[in-house]
Amino acid sequence: MKIYDFKVKDAKGEEVDLSSYKGKVLLVVNTATGCGFTPQYDGLQDLYEKYAEKGFEILDFPCNQFGHQAPGTEEEIVDFCQSRYGVTFRQFAKIDVNGENQSPVYKYLKSEKKGVMGENIKWNFTKFLIDREGNVIDRYAPTTTPEKIEEKIKELL
């Protein structure tokens, strides 16, 4: 099983087959617009602008499970991210990353790379780095800024 075996909804409600990302380096992030880590959108956008042409993609999954810090609709979240942080990478529909309604994508990611709390996601802005073959290379805590992941992304590209 690989991340390419899943289908998800984007922020517009359209189904996206993740196999369309084969051959790319991916950074999968559960995000929130009202979180202390929300300014990481700046760093994520910077990485995207630097490396998108080389085959780097960010998959942004808003999640309202932690302190209800992503309360808006998908449209409101996209508008906020574009106007406040200039986000141009693809944003997806809101999901749960833990619990009985967790996204199958996150169930898979967590099974591949456990964190300090085991499989469960601790908070918003947990990041998973995936290589061009679809292997989950690493999992980063919310406190790990996008800038601290840049060297590893460059290696994988």
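All values below were derived from every heavy atom in this structure, side-chain atoms included, with hydrogens, water molecules and symmetry-related copies excluded. Residue indices begin at 1 and follow the sequence shown.
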Quick one: pull up [atom1] in [X] and [atom2] in [Y] and give me the separation to the nearest 0.5 Å.
{"X": "Lys2", "Y": "Ser19", "atom1": "NZ", "atom2": "OG", "answer": "14.0 Å"}
{"X": "Lys154", "Y": "Tyr51", "atom1": "NZ", "atom2": "OH", "answer": "4.5 Å"}
{"X": "Gln40", "Y": "Tyr85", "atom1": "CD", "atom2": "OH", "answer": "10.0 Å"}
{"X": "Glu14", "Y": "Phe92", "atom1": "CD", "atom2": "CZ", "answer": "11.0 Å"}
{"X": "Leu59", "Y": "Leu18", "atom1": "CG", "atom2": "CG", "answer": "6.5 Å"}
{"X": "Glu112", "Y": "Ile137", "atom1": "CD", "atom2": "CD1", "answer": "10.0 Å"}

Are there more than 12 heavy atoms of other residues, nucleotides or ligands under 6.0 Å from atom CD of Glu15?
yes

Heavy-atom closest contact ([X] atom, [Y] atom, distance):
{"X": "Pro62", "Y": "Asp60", "result": "CD-O, 3.4 Å"}
{"X": "Val16", "Y": "Ser20", "result": "CG1-OG, 4.4 Å"}
{"X": "Lys110", "Y": "Asn98", "result": "NZ-OD1, 3.0 Å"}
{"X": "Ala70", "Y": "Cys63", "result": "CB-O, 3.4 Å"}
{"X": "Pro39", "Y": "Cys35", "result": "CD-O, 4.1 Å"}
{"X": "Lys9", "Y": "Gly13", "result": "CD-O, 3.3 Å"}

Would you sort out whether Lys12 and Glu74 count as a side chain to side chain contact (heavy atoms under 4.5 Å, CB included), showing the intermediate values?
CA-CA 7 Å; Lys12 296 176 183 172; Glu74 279 83 356; over 6 Å; no

Report task. Take Thr31 and Tyr41 through the side-chain hydrogen bond (donor to acceptor under 3.5 Å, both in side chains) test and state the conclusion after the steps. Result -> CA-CA 9 Å; Thr31 60; Tyr41 269 117; 2.9 Å; yes

Could you go through Cys81 and Gln91, starting from their C-alpha distance and side-chain angles, then the distance that decides it, and tell me whether this counts as side chain to side chain contact (heavy atoms under 4.5 Å, CB included)? CA-CA 9 Å; Cys81 292; Gln91 296 181 281; 3.3 Å; yes

>> side chain to side chain contact (heavy atoms under 4.5 Å, CB included), that's the test. Do Asn64 and Lys94 meet it? Break it down for me.
In response: CA-CA 7 Å; Asn64 198 35; Lys94 252 198 281 197; 4.1 Å; yes

Measuring only between side-chain heavy atoms, which start at C-beta, is Asp138 closer than 4.5 Å to Lys152? no

Residues at least two apart in sequence or cross-chain that pass side-chain contact (heavy atoms from CB on, under 4.5 Å) with Thr88, listed by chain then number, are Gln45, Tyr48

Under the side-chain contact (heavy atoms from CB on, under 4.5 Å) test, which residues partner Val25, sequence neighbours left out?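 Result, side-chain contact (heavy atoms from CB on, under 4.5 Å) vs Val25: Phe56, Leu129, Arg132, Leu156, Leu157.
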
>> Hydrophobic clusters here meaning ILVMFWY residues chained together by side-chain heavy-atom distances under 4.5 Å, can you tell me if Val78 and Val29 are in one?
In response: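 Val78 and Val29: separate clusters.
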
### Single-linkage hydrophobic cluster Ile77~Phe125, side-chain heavy atoms < 4.5 angstrom
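No, it is not one cluster - the side chains of Ile77 and Phe125 are not joined through contacts under 4.5 Å.
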
Can any side-chain N or O of [X] pair as donor or acceptor with the backbone N or O of [Y] at less than 3.5 Å?
{"X": "Gln65", "Y": "Val97", "result": "yes"}
{"X": "Ser83", "Y": "Asp79", "result": "yes"}
{"X": "Asn124", "Y": "Pro142", "result": "no"}
{"X": "Lys122", "Y": "Ala141", "result": "no"}

Using the salt bridge (Lys or Arg N to Asp or Glu O under 4.0 Å) criterion, which residues pair with Asp10? Sequence neighbours excluded.
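Here the qualifying residues are Arg90.
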
### Query
With a 3.5 Å cut-off and no angle check, do the side chains of Lys127 and Asn30 form a donor-acceptor pair?
no

* Asked: Is it true that the side chains of Glu147 and Thr145 contain a donor and an acceptor less than 3.5 Å apart?
  ->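 Checked: Glu147/Thr145 side chains pair up, N/O donor to acceptor below 3.5 Å.
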
message = Check the orientation of Phe66 and Trp123. Use parallel for under 30°, tilted for 30 to 60°, and perpendicular for over 60°.
response =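 Rings of Phe66 and Trp123: tilted, as their planes differ by 30° to 60°.
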
Worksheet item: So, Lys50 and Glu150, do they make that salt bridge, N to O below 4.0 Å?
Response: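 Judged by the 4.0 Å cut-off on N to carboxylate O distance, Lys50 and Glu150 do form a salt bridge.
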
ask   = Any chance the rings of Tyr108 and Phe6 have centres within less than 6.0 Å?
value = yes

Self-check item: Trace of the side chain to side chain contact (heavy atoms under 4.5 Å, CB included) decision for Tyr106 with Phe61
Solution: CA-CA 10 Å; Tyr106 267 81; Phe61 290 94; 4.0 Å; yes

